[in-house]
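First up is the structure itself, then whatever we jot down about it.
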Amino acid sequence: MTGKGAGNAQSGWSVRLAARPLFMCGFRPFFLLTALHAVLVLLAWGGFLGFGLALPAVAGGPFVWHAHELMFGFGLAAVAGFVLTAVPEFTATPAFAPRVVLRLVLLWLAARAAFWLSGGLAAVAESWLGGEEGQAVARWIGHLPAALLEIGFACALLAAVAPRLWRDPERRHLGFQWGLAAMAMAVAGFHLDVLRGEYPMRWVLVGLGVMMTLVVVAMSRISMRVMHDALDAARARRLPAHTLRRDEEAELELPSYRARPPRRNLAIAAIAVHTVAEYLLPGSPITGWLGLGAAAAVFNLLNDWHVGRALFTRWAFLLYAVYWLLALGYLLLGLARLGAPLAPSAGTHLLAIGAMGLSILAVLCIAGRTHAGYPLDERPWVGAAAVSIVLAALLRAAAGLPDMPASALQLLATLAWITAFALAAWRLGVLFVAARVDGGAGCEEYHAPRAAEAVPP
């Protein structure tokens, strides 16, 4: 088919795709995949830990597969869903077309399949080639598809959002661009190490450091809305029933909230320096002191949040807890590198399970639900899921302490994580695949219904 006929076919395909709610906005498929992947990967990991079930054969072994899938599978899917939705909103540009979203989803899925099959492909190739040189060639044959697809996904995501961030007149959100570029570098470094026959875990740790900077950047944006809503609600409760507007006296009754850039930039810089030092000087006491510095910088961020009782509302405290886990993670990493009797994995898992996991749950619940056309969910499952993630992080960190039953704690942490994201997939997944019911359009935030209209929970 050529010419006008081909154009009409392409146009018809685009219209049919756009009519499907799942691909209307970038967050819909990627947040759904995030929750499902979190459950699937940890179910497989729990089967491996508890029953010795086989995991996909990949270069580096089971621990590399586990770490890679949490960081570059689960984590990067959540990042994709967030930036594909937030960047158009931040830059006042149209939502990404459904065909762009679909292409990125297919790339992510293909990268997962290629990585999971990479060890099997390499084994088949090695059986044909044999010899030491044959092993190197077999490794390339087995792993190159995964490398190309996953690097391609990270670069395609960056290419999709970077022009909009750069063309924004004030360029206020370039932190996302630099974070995505650094994550693409970490993905590329991981796969290059595998292709060269080196142990690639160092690049997963680089990815974790990049993810922590993205958490700080994203949380600062989300927290402005959440904290202002909490403070507005607190002010409304203090005003007399007949008051129609806030007066100056009422405004002074509660402090204001500001995510101050100097504190945020200091925390990002401290985390970045620690990440670079861990890569260049693994295990050095220098990284210990830098870890303590990163912890102090994140603790300093908490000073922005101390606004009284409004902090202890559900959504504000959820975001506040993310920073606590982030700071404690770097604190434990620093202490471990300086000789404290604990494994560095205690701090690493507070970051990966606690700070990353809880921040992603918050993004799914806040950005995902409101942009799907629903108000924030006040049902108990949100608190149960958040507590489960915190419990998973603490249990897994405790497994790194001396004289602790590490295997049992790891299994309990796995079950707690699965519980949290199974709840998220159950309660949020149906919203991501369904059409909006609030009267809003596209990817805009929740459109409050008129008068007696109500939106189902």
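At a cut-off of 3.5 Å, with distance as the only test, a side-chain donor of Thr93 or Arg164 sits close to an acceptor on the other residue. The closest side-chain donor-acceptor pair between Tyr279 and His274, if any, does not fall under 3.5 angstrom. Side-chain contact, His68 with Glu150: a donor N or O sits under 3.5 Å from an acceptor N or O.
Listed by chain and number, the residues in a ring-ring contact (aromatic ring centres under 6.0 Å, His included) with Phe312 are Phe317 (sequence neighbours excluded). Applying the disulfide (SG to SG under 2.5 Å) criterion to Cys365, with sequence neighbours excluded, gives no partner residue.
At least one side-chain heavy atom of Val161 sits under 4.5 Å from a side-chain heavy atom of Phe96. Put simply, the side chain of Glu378 reaches to within 4.5 Å of the side chain of Trp315, judged on heavy atoms. Looking at heavy atoms from C-beta onward, Val226 lies out of side-chain contact with Thr313 at the 4.5 angstrom threshold. Using a 4.5 Å cut-off on side-chain heavy atoms (C-beta onward), Phe90 and Thr85 make no contact.
In this structure, Asp193 pairs ionically with Arg202, as a charged nitrogen and a carboxylate oxygen lie closer than 4.0 Å. Salt bridge present: Glu69 and Arg112 bring a charged side-chain N and a carboxylate O closer than 4.0 Å. Comment: Glu445 engages Arg225 in a salt bridge, judged by a side-chain N to carboxylate O separation of less than 4.0 angstrom.
Classified by interplanar angle (parallel below 30°, tilted 30° to 60°, perpendicular above 60°), the ring pair Trp417/Phe74 is perpendicular. Aromatic ring pairs are classed by plane angle as parallel below 30°, tilted from 30° to 60° and perpendicular above 60°; the pair His143 and Phe190 is tilted. Ring geometry for Phe30 versus Trp108: interplanar angle over 60°, hence perpendicular rather than tilted (30 to 60°). The aromatic rings of Phe48 and Phe63 sit perpendicular, their planes meeting at an angle over 60°, well past the 30° parallel limit.
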